[in-house]
2 protein chains.
Amino acid sequence: MLTIGQLAKHAGVSTKAIRVYHAKGLLPEPDRDASGYRRYDAQAIIDLTQVVTLAQAGVPLARIRDVLDADTDQATEQIDRIDAELRAHIRRLQQRRTRLRHFDRPDRLCLPPEAIEFMDRLRGIGLSERHEHAIRDGFILGYALAADLTRTILPSRTALLGDDEYVAVLRGYDDAIDWSPDDPRLDELADAATRLALRMTMVSDLPGFDRVPSETIDLLTGHLGIDSPAWERLDQLITRRLTTATQVRNTNTTG
Amino acid sequence: MLTIGQLAKHAGVSTKAIRVYHAKGLLPEPDRDASGYRRYDAQAIIDLTQVVTLAQAGVPLARIRDVLDADTDQATEQIDRIDAELRAHIRRLQQRRTRLRHFDRPDRLCLPPEAIEFMDRLRGIGLSERHEHAIRDGFILGYALAADLTRTILPSRTALLGDDEYVAVLRGYDDAIDWSPDDPRLDELADAATRLALRMTMVSDLPGFDRVPSETIDLLTGHLGIDSPAWERLDQLITRRLTTATQVRNTNTTG
DNA sequence: TGCGACCTTGCCCCAAGGGCAAGGTCAAGG
DNA sequence: CCTTGACCTTGCCCTTGGGGCAAGGTCGCA
């Protein structure tokens, strides 16, 4: 006769595991000796080995009894089901790996592949890390709040990275981060940015723009990503210029 | 400003998950409004999306802060480590599937591949299910208690399945399961089994037999696997005949 | 008689939340 | 003004498969 420790050693598991299997009804509780110790026979080794083998093969404890008690047909079916679950689990993990491999640099963290391509090209421009992160965060926000819209506009933004005027404005923003909001150079930069904006596709002209709630748009446009008074001032200046320009354009169109 | 439910919807997670991330320090607790509700801004969407993306990619919550706070080199290293863990996990699951596929029939349950081959050939002989299971259990016990010895003797046992005398004795045992222990046919069967045993390799002659503790041998030989008085009687009869035969042999050898 | 190794039960712990309870809050409609 | 339903708050218990510890009883050996 064996003690629980000896049984555990024979089956290669912990005594705790055996007690758990007793508690879950996977193994019958054996007789006790005079002092209350569990006493096992050879059959217990067989029973335990079956449970342990199935458990290590990935069968959930709650279903091991079903597998062991099943006859041939049922057993095949049970094993097939568990195998299918294992297969699905493996597929999920492999998808995780694929996604994870894109996240090996902080500047691409958590972006979909097409945005990662943009970030990789943006990197060649040599902006500050703060600025790159702010742009990355803008994409994360864009994908979270209006994925379709963001996906739609991305190709044109990517193309702009080959546009000297766009790159110059980007560099201008980079330089301006720590300027005072009263810095006179901001007007010049706002002019350049406004010229650029008028040349670019307006987000509000994109298909699907109407389907995005206005609060969502406010969230998107209200977030600069960097706490820079100069950028806030730039935002004001450009908005003012664009409003004027749009009014003029509308006047021209309707007049 | 967003409530926790709106934030959850934007990021595609449950409000509970967000609270858990707050509790684990993955996300900063936002300010509360007058009635104690959490109020979030756009930055919270970005932060949460990063956490959720990494969590869904399989990064343990406890390590997400490290990944997010890491600079380029560290991030690469962290991601590499997590990727390696995922890879190892996938390999383990694939091994499970391989083992599991062998277990699609109860008569092979929990056996190593070489024993499964034996059981498959044994099946052709057409013994009763009870008998087949007892033999399977004998192998499970053998592998649990003395794997090397069992592995060593298995090829010769497999070969015996082509031996008419061995098969006849197996069938004899199968018939005898429910006989009375006084049945006179048991003597005949014991004779046949003893002739066979003398022709077979004795387990005690195998290399490594000495290294198996005698209590383990007792466990192995003491287990018949089926509660059959006739089999117990057979065991007695054969042991008596073998003891005599061995004594005679020893006398012949030493004399 | 003592020591170390073993056994017993019971309790708390891990990840990553799910679910529910009890109570407070908000906006809309009657 | 009141109700209703949807939302928010905290707190507690549940899941899987055990690990670890505590307090106490027991075994074999010197």
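Here the structure is a predicted model, which is why all the values come from computation and not from measurement. Within every chain, numbering begins at 1; the chains are lettered A, B, ... in the order of the sequence lines, protein sequences first and strands thereafter.
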Asks: Could you list the donor-acceptor pairs under 3.5 angstrom formed between side-chain atoms of residues 44-59 of chain B and any protein atom two or more places apart in sequence or on another chain?
Replies:
| unit_1 | atom_1 | unit_2 | atom_2 | d |
| --- | --- | --- | --- | --- |
| Asp47(B) | OD1 | Gln43(B) | NE2 | 3.0 |
| Thr49(B) | OG1 | Ile45(B) | O | 2.6 |
| Thr53(B) | OG1 | Thr49(B) | O | 2.5 |

Asks: Let me know which of Arg130(A), Arg123(A), His131(A) forms a side-chain contact (heavy atoms from CB on, under 4.5 Å) with Leu127(A).
Replies: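 Going through Arg130(A), Arg123(A), His131(A) one by one, the side-chain contact (heavy atoms from CB on, under 4.5 Å) with Leu127(A) is satisfied by His131(A) alone.
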Asks: Would you kindly compare Tyr40(B) and Ile18(A) by the position of their nearest DNA chain D nucleotide and give the one closer to the 5′ end?
Replies: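 Taking each residue's closest nucleotide, the earlier one in sequence belongs to Tyr40(B).
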Asks: Among dC27(D), dG18(C), dC6(C), which nucleotide has an atom closest to any side-chain atom of Ser14(B)?
Replies: dG18(C)
Asks: Taking only nitrogen or oxygen atoms into account, show me every contact under 3.5 Å that the protein makes with nucleotides 9-12 of chain C, one pair per line with its distance.
Replies:
| unit_1 | atom_1 | unit_2 | atom_2 | d |
| --- | --- | --- | --- | --- |
| dT9(C) | OP1 | Arg32(A) | NH1 | 3.4 |
| dT9(C) | OP1 | Arg32(A) | NH2 | 3.3 |
| dT9(C) | OP2 | Arg38(A) | NH1 | 3.3 |
| dT9(C) | OP2 | Arg38(A) | NH2 | 3.1 |

Asks: Considering only dC27(D), dT9(D), dT25(C), which nucleotide approaches the side chain of Ile4(B) most closely?
Replies: dT9(D)
Asks: Rounded to whole Å, please give me the gap between CD in Glu215(B) and P in dG28(D).
Replies: 14 Å
Asks: Check each of Thr3(B), Asp31(B), Asp33(B) against Arg39(B) using the side-chain hydrogen bond (donor to acceptor under 3.5 Å, both in side chains) test, and report the only one that passes.
Replies: Asp33(B)
Asks: Whether Arg63(A) and Asp66(A) form a salt bridge (side-chain N of Lys/Arg under 4.0 Å from carboxylate O of Asp/Glu) is what I want to check.
Replies: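 Here Asp66(A) does not pair with Arg63(A) in a salt bridge, since their nearest N and O are not under 4.0 Å apart.
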Asks: Among residues at least two apart in sequence or on other chains, which ones pass salt bridge (Lys or Arg N to Asp or Glu O under 4.0 Å) with Glu117(B)?
Replies: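 Salt bridge (Lys or Arg N to Asp or Glu O under 4.0 Å) check on Glu117(B) returns nothing, list empty.
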Asks: Round to the nearest Å and state the distance from Leu48(A) atom CG to dG18(D) atom P.
Replies: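 Nearest whole value for this atom pair: 11 Å.
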Asks: What integer distance in Å separates Leu27(A):CG from dG17(D):C1'?
Replies: 14 Å
Asks: Polar-atom pairs under 3.5 Å, protein N or O versus N or O of nucleotides 13-16 of chain C: list them with distances, or write none.
Replies:
| unit_1 | atom_1 | unit_2 | atom_2 | d |
| --- | --- | --- | --- | --- |
| dA16(C) | OP2 | Leu61(B) | N | 3.0 |

Asks: Could you state the atom-to-atom distance from CG of Leu2(B) to P of dC8(D) in whole Å?
Replies: 11 Å
Asks: Write down the distance between NE2 (His22(B)) and C1' (dT9(D)), rounded to a whole number of angstrom.
Replies: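 One finds 13 Å between C1' of dT9(D) and NE2 of His22(B), rounded.
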Asks: Grab the CE-C1' distance between Met1(A) and dC6(C) for me, whole Å please.
Replies: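 About 17 Å, once rounded to whole Å.
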Asks: Please find the pair of heavy atoms, one from Thr15(A) and one from Gly5(A), that lie closest to each other, and give the distance.
Replies: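 Closest pair (atom of Thr15(A), atom of Gly5(A), distance): CG2-CA, 3.8 Å.
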Asks: Mark yes or no for whether Thr239(A), through its side chain, and Asp235(A), through its backbone, hold a donor-acceptor pair below 3.5 Å.
Replies: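 Checked: pair present.
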Asks: Given atom OH of Tyr37(B) and atom P of dC26(C), what is their separation to the nearest angstrom?
Replies: 6 Å
Asks: Five pairs per end, C1' atoms only: what is the angle between the end axes of the helix from dT1(C)-dA30(D) to dG30(C)-dC1(D), to 10 degrees?
Replies: 30°
Asks: Please give me the minimum heavy-atom distance between Arg240(B) and Arg233(B), naming the atom from each residue.
Replies: NH2-NH1, 4.1 Å
Asks: Over all heavy atoms of both residues, which pair between Pro30(A) and Tyr40(A) is shortest? Give the atoms and the distance, please.
Replies: CG-CE2, 3.4 Å
Asks: Give a yes/no answer on whether the side chain of Ser35(B) brings an N or O atom under 4.0 Å of OP1 or OP2 in dC26(C).
Replies: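 The answer is yes; a side-chain N or O of Ser35(B) sits under 4.0 Å from OP1 or OP2.
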Asks: For residues Lys24(B) and Arg65(B), determine if any side-chain heavy atom of one lies less than 4.5 Å from a side-chain heavy atom of the other.
Replies: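 No; the side chains remain at least 4.5 Å from each other.
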Asks: Ignoring hydrogens, what is the shortest heavy-atom contact between Ser14(A) and Ala8(A)? Give both atom names and the distance.
Replies: C-CB, 4.0 Å
Asks: Would you say Asp71(A)'s side chain and Gln74(A)'s backbone share a donor-acceptor pair under 3.5 angstrom?
Replies: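 Yes; judged by distance alone, with no hydrogens or angles, the pair exists.
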Asks: How about Gln94(A) and Arg91(A): does a side-chain donor come under 3.5 Å of a side-chain acceptor?
Replies: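 Their side chains do not contain a donor-acceptor pair, so the 3.5 Å distance test is not met.
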Asks: Tell me, which of residues 80-98 of chain A have any heavy atom that sits under 4.0 Å from an atom in DNA chain D?
Replies: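 Close to the strand, none.
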Asks: Any side-chain heavy-atom pair from Phe139(B) and Leu154(B) closer than 4.5 angstrom?
Replies: yes
Asks: With a 4.0 Å cutoff (strictly under), does any side-chain N or O of Thr3(A) reach OP1 or OP2 of dC6(C)?
Replies: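 For dC6(C), OP1/OP2 do not have a side-chain N/O of Thr3(A) under 4.0 Å.
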